[in-house]
J.: 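Here you go, one structure.
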Amino acid sequence: MSEIVKENLIEFVGNLTVFLSLFLPILYLRGFTKFSKAFKYFTAYLVLIGLVQLGSKLHKVFYEGEETIFFFFYFILFQFLSLSLFYKGLLKKKFITGVTIIAILLFAIQYILDPILYFRYNTLAAVFSHIILVFYSILYLYHSLSNKKTEFVLINSAILIYLLSSSLIFASGNLIYNLNIPISVSDTLVNINRFLYLGFQIIIIIEWWKNYSFFKSSIE
Amino acid sequence: MNESFINDEIQIVNIILIAIGLLLLMSFAIVLFFYFSRKKIIKTQLEKAELEIEYQKELLQNTIVTQEEERQRIAQDLHDAISSKLNVVSLNANFLTDKDITPTEANKIGESIHKVTSTVLENSRRIAHDLLPPTLDKFGLQAAVEELCEEIQETKKFTLEYHIQYQENFISSANELHLFRILQELFSNTIKHSGATNIQVALNTEENLLSLQYTDNGKGFNLAEARSAKGLGMSGIENRAILMNATCDIESSQGNGIKVSITSQPNNEN
């Protein structure tokens, strides 16, 4: 594959993920009032992530060349909050609220002690929030073992796969930035993340198509 | 020097890439593991449910067959012991309406009617008694079982040794009836099929445990075959034991008679 095709493909995937980030919330918002609490929280997740993506994209357009890394802070925060609520809706366990509050407090303390972190990759927060979410996800998988009817089985599996693999990408974010290596190499990680994220988004669409599309809801 | 430094860093990146690959693989493995486990668990659950339904069906089938047999028996009894005799009475009564009848003949016919109606009365009492012995209701299980044993002894077909020591109200009245029916069924099986010469019955309530032991020295039977035969007594006995939450232990083989042991906790209603 020639270099130009490869670059085009990667750029296309990047743009596609941004487009899907904006498109998915619209898809899910259509059923917002019809479905369960977990569905509402997941829609909230999609909306928040969509907003972060949109903000980051607009920031790039209007303030060309400036840092957009602080959007990462909102990405991690919103993702952790909304997905924690999502799993609370699915698992109906009280301890999730406690864990979420404690984690948020710890992150707040971290930012108070080191405000510069806002303009860097907060690898610790990223990895810990991912691990907590992965834990919920495995718990939900276990929970779904004996239940015949379970919602969000696909998305839950996708969350597990995406978060577990991407946590290492986020963890190595600062390392890559500090290392004295060609940008093309560090780009590889970003690109892998893009592909993983695209896969995640495709699963979200499939889940919607299978269980929450308007064809389905009109039949039911 | 600078080049080797860069090489080191590229190696770090490579390690990171490999680690990401491994994590990806691991997460896939976890998801697949849960997916297949779930499939398997649901499959076993389904099989279990089907088995249960199958068992329920069999139980229902047995109940219906038993019910039908019982109806047939009652119909037969009513026909043989009452209807046919009442026919005779009706015929004789018809003779009485004849104008040419002499007083001696009338007396004779009246006597015959009296005789037949007495038999009919006796028969109807017996049928009602067979359906539900009034002793059980009026005097309790101890008396009813003793009465049943005495009746069996009167047939003189075999020797019957019995030892009844039942503490009244040890089990609920519904369960008392189940126990009585089980004993009736055991006797009837022995009389009908076993050709036994000796029966031993022991009913005890001791140390918070009710136990009924029944042994005969008849020709015995193959337990598995008897169970699968629909409407036969054995499955009925076992079903009644299940209903009264008792444990039922039946031992029998060809040529070795039968040994039945039923134990139950007090007032164990289902």
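Naming convention: chains lettered A, B, ... in sequence-line order (proteins, then strands); numbering from 1 in each chain. In this text the structure is predicted, and so the values were computed from the model without any measurement.
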J.: Could you tell me which portion of A:I161 (side chain, backbone, both or neither) has an atom closer than 4.5 angstrom to a non-hydrogen atom of chain B?
T.: both
J.: Determine whether the aromatic ring centres of A:F170 and A:H130 lie less than 6.0 Å apart.
T.: yes
J.: How about CZ on A:F95, more than 12 heavy atoms from neighbouring residues, nucleotides or ligands closer than 6.0 Å, or not?
T.: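 Yes, enclosed.
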J.: What part of A:L163 lies closer than 4.5 angstrom to a heavy atom of chain B: side chain, backbone, both or neither?
T.: neither
J.: Given that the side chain runs from C-beta out, which part of B:I41 has a heavy atom under 4.5 Å from chain A: side chain, backbone, both or neither?
T.: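 Side chain only.
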J.: So, for A:Y142 and B:F34, is the gap between ring centers shorter than 6.0 Å?
T.: no
J.: Between A:L160, A:I192, A:V134, A:N156, which has the largest tally of heavy atom pairs under 4.5 Å with chain B?
T.: A:L160
J.: Contact between A:I155 and A:F152 at the side-chain level, heavy atoms closer than 4.5 Å - yes or no?
T.: yes
